[in-house]
Amino acid sequence: MPYTYPPDQKTYYEQVWELARQVPHGKVATYGQLAQMIPAPKDIDPKDYAALGSRWVGNALAACPVDVPWQRVINSQGQISKRPGAEKQRHLLEQEGIVFIRDRIDLQTYHWHTSEQMDDPTQGQLF
DNA sequence: CGCTTGACCGGAA
DNA sequence: ATTCCGGCCAAGC
C-alpha cells in the first residue's frame, strides 16, 4: 500500500488543523473534502495529491492539538474510520446532536460546506 | 539497522 | 451492494 507524507509535513498539518477548526458544532467534514480545500504542495503531482491527500489529512488529525475538533472529520461514506477510539468519536458527535443510522450518518443533513463549495448536485434540484 | 504500520478515496470489476 | 487496486513515504519499534 502506497503511503506518502506531504513534503512539508508541519505546514500541511497546520493547514488541516486550521480548516478543521472551522467546522461548526453539529456538522461534519470529510477527509477528502479538507484535502481538496488545501492546494496541492508545489512539488507534488496534482494526480498524486488527489489520491493521497485524504490520508495526509487523516495523519494530520491523528497528531492534532487539543483545540482541534477532530471528531468532526469523518470518511466519505459518512462513517467513522475503524480504529481504536472510534467509539469515543461517535459519542462526541452524538453529543453534538448528530444521529447515526447503522453506524453511518446522513451527510446530506450534516455535511459542512462553505459558500465556495458548489458541490452536492442532489441538493436543491427540485422535481 | 530493517521491518511494520498507518483517521483515505474514487473508479473498475 | 462488495471487493480489489493504485497512490510509492516516514516514524516508531
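Residue numbers begin at 1 in each chain, while the letters A, B, ... track the order of the sequences.
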Could you state the [atom1]-[atom2] distance from [X] to [N], rounded to the nearest angstrom?
| X | N | atom1 | atom2 | result |
| --- | --- | --- | --- | --- |
| A:Asp8 | C:dC9 | CG | C1' | 15 Å |
| A:Asp43 | C:dC8 | CG | P | 14 Å |
| A:Gln9 | C:dC9 | CD | P | 14 Å |
| A:Tyr31 | B:dG6 | OH | P | 14 Å |
| A:Asp45 | C:dG6 | CG | P | 17 Å |
| A:Asp48 | B:dC9 | CG | P | 17 Å |
| A:Tyr13 | C:dA10 | OH | P | 10 Å |
| A:Tyr12 | B:dA7 | OH | P | 16 Å |

Could you grab the distance from atom [atom1] of [X] to atom [atom2] of [Y], nearest 0.5 Å is fine?
| X | Y | atom1 | atom2 | value |
| --- | --- | --- | --- | --- |
| A:Glu14 | A:Cys64 | CD | SG | 12.5 Å |
| A:Tyr49 | A:Gln36 | OH | CD | 8.5 Å |
| A:Tyr12 | A:Ile38 | OH | CD1 | 4.0 Å |

Roughly how many Å apart are [M] and [N], using the [atom1] atom of each and rounding to a whole number?
| N | M | atom1 | result |
| --- | --- | --- | --- |
| B:dG10 | C:dA1 | P | 15 Å |
| C:dC13 | B:dA7 | P | 14 Å |
| C:dA10 | B:dC1 | P | 16 Å |

task = Give a yes or no on whether a salt bridge exists between A:Glu96 and A:Lys27, defined as a side-chain N under 4.0 angstrom from a carboxylate O.
result =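 Answer for the salt bridge query: no.
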key: Cation over ring face, A:Arg90 and A:Phe100, 6.0 Å, 45°   =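 Yes - A:Arg90 lies over the ring of A:Phe100, closer than 6.0 Å to its centre and within 45° of its axis.
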query = Is the ring centre of A:Tyr5 under 5.5 Å from the base ring centre of C:dA10, and are the two planes under 30° apart, so that they stack?
reply =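 Per 5.5 Å and 30° rule: no stacking.
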task = Would you kindly say whether A:Gln71 and A:His91 are connected by a side-chain donor-acceptor distance under 3.5 Å?
result =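 The criterion, which ignores hydrogens and geometry beyond distance, is not satisfied for A:His91 and A:Gln71.
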message = Heavy atoms within less than 4.0 Å of DNA chain B: which residues of residues 54-88 of chain A have one? Give them sorted by number.
response =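 Those residues are A:Ser54, A:Arg55, A:Gly58, A:Leu61, A:Ala62, A:Trp70, A:Asn75, A:Ser76, A:Arg83.
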task = For B:dC8, take OP1 and OP2 only and decide whether either is under 4.0 Å from a side-chain N or O of A:Tyr3.
result =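 Yes, A:Tyr3 has a side-chain N/O under 4.0 Å of OP1/OP2 on B:dC8.
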task = Test A:Trp56 against A:Tyr5 for ring-ring contact (aromatic ring centres under 6.0 Å, His included), laying out the working first.
result = CA-CA 6 Å; A:Trp56 296 355; A:Tyr5 281 82; 8.1 Å; no
